[in-house]
Amino acid sequence: MNPLVIDVTADTCPMTFVRTRLQLDKLPAGAVLDILYKGEEPRRNLARSLTEQGHEILEAQHGEDGHGRLRVRKGG
């Protein structure tokens with residue numbers, strides 16, 4: 001099963017986290033979500049905020065062009 005994908009590349013903080021959180025709230029515990037983002041603020045803040053909320057970062061990629069992807073497993 002492929003993970004669900006949310007694209008927040010057009011958003012700025014704190015909306016990157018808000019939209020991600022709203023999407024995660026719809027998912028069952030253990031579900032995997034890929035988050036596509038752009039910029040330094042979400043690169044620094046998304047993973048930290050998500051782990052503080054009890055979610056697990058499975059993979060983090062960040063390109064030189066500022067685009068990145070986080071793969072997150074929703075915590076219980």
Side-chain angles (χ1 to χ4, degrees):
M1 182 172 167
N2 291 331
L4 185 62
V5 178
I6 183 171
D7 185 343
V8 295
T9 55
D11 297 316
T12 57
C13 285
M15 286 308 295
T16 53
F17 177 71
V18 170
R19 287 194 56 219
T20 299
R21 174 77 191 271
L22 289 171
Q23 186 64 53
L24 281 168
D25 286 348
K26 297 175 187 176
L27 300 175
V32 176
L33 177 67
D34 277 359
I35 306 152
L36 307 177
Y37 67 87
K38 180 181 174 185
E40 279 299 307
E41 262 190 299
R43 183 184 71 79
R44 287 192 314 266
N45 298 328
L46 267 175
R48 178 185 48 81
S49 297
L50 290 167
T51 50
E52 287 173 358
Q53 296 283 314
H55 307 295
E56 178 185 2
I57 305 301
L58 301 174
E59 188 177 346
Q61 297 177 347
H62 188 74
E64 291 182 20
D65 63 355
H67 286 81
R69 180 179 62 84
L70 286 176
R71 179 164 286 177
V72 180
R73 177 174 289 127
K74 182 177 179 175

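Position 1 is the first residue of the sequence; numbering continues from there.
- Following chains of ILVMFWY side-chain contacts shorter than 4.5 Å, one cannot reach I57 starting from L36, and the two form parts of different hydrophobic clusters.
- Between atom CD1 of residue I6 and atom NZ of residue K26 there is a gap of 8.0 Å, rounded to the nearest 0.5 Å.
- Residues L27 and V5 fall into different hydrophobic clusters, defined by Ile, Leu, Val, Met, Phe, Trp and Tyr side chains chained together at heavy-atom separations under 4.5 Å.
- A donor-acceptor pair is defined here as one N or O able to donate and one able to accept, closer than 3.5 Å; no such pair exists between the side chain of S49 and the backbone of L46.
- Side chain of K74 to main chain of L24: a donor-acceptor pair is present (N/O by atom type, distance under 3.5 Å, no hydrogens or angles).
- Contact annotation: the side chain of R71 never approaches that of L33 to less than 4.5 Å [non-hydrogen atoms, C-beta and beyond].
- Under the 3.5 Å distance criterion, the side-chain polar atoms of R19 are matched with a main-chain donor or acceptor of D7.
- In this structure, CZ on R43 lies 12.5 Å from CZ on R48, to the nearest 0.5 angstrom.
- The structure places CD1 of I35 at 10.0 Å from CZ of R69, a figure rounded to the nearest 0.5 Å.
- Checked options V72, V32, D34, L70; the residue passing with L58 is V32 (criterion: side chain to side chain contact (heavy atoms under 4.5 Å, CB included)).
- The shortest non-hydrogen separation linking G75 to A29 is O-CB, 3.7 Å.
- Contact between Y37 and H62 at its shortest, heavy atoms only, is OH-ND1, 3.2 Å.
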Inset, instruction - Would you check, one step at a time, whether the test side-chain contact (heavy atoms from CB on, under 4.5 Å) holds for R73 with H55? - result: CA-CA 6 Å; R73 177 174 289 127; H55 307 295; over 6 Å; no
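- No donor-acceptor distance shorter than 3.5 angstrom exists from the side chain of H67 to the backbone of K38, with no hydrogens or angles considered.
- Under the 4.5 Å side-chain heavy-atom criterion for Ile, Leu, Val, Met, Phe, Trp and Tyr, F17 and L22 are members of distinct hydrophobic clusters.
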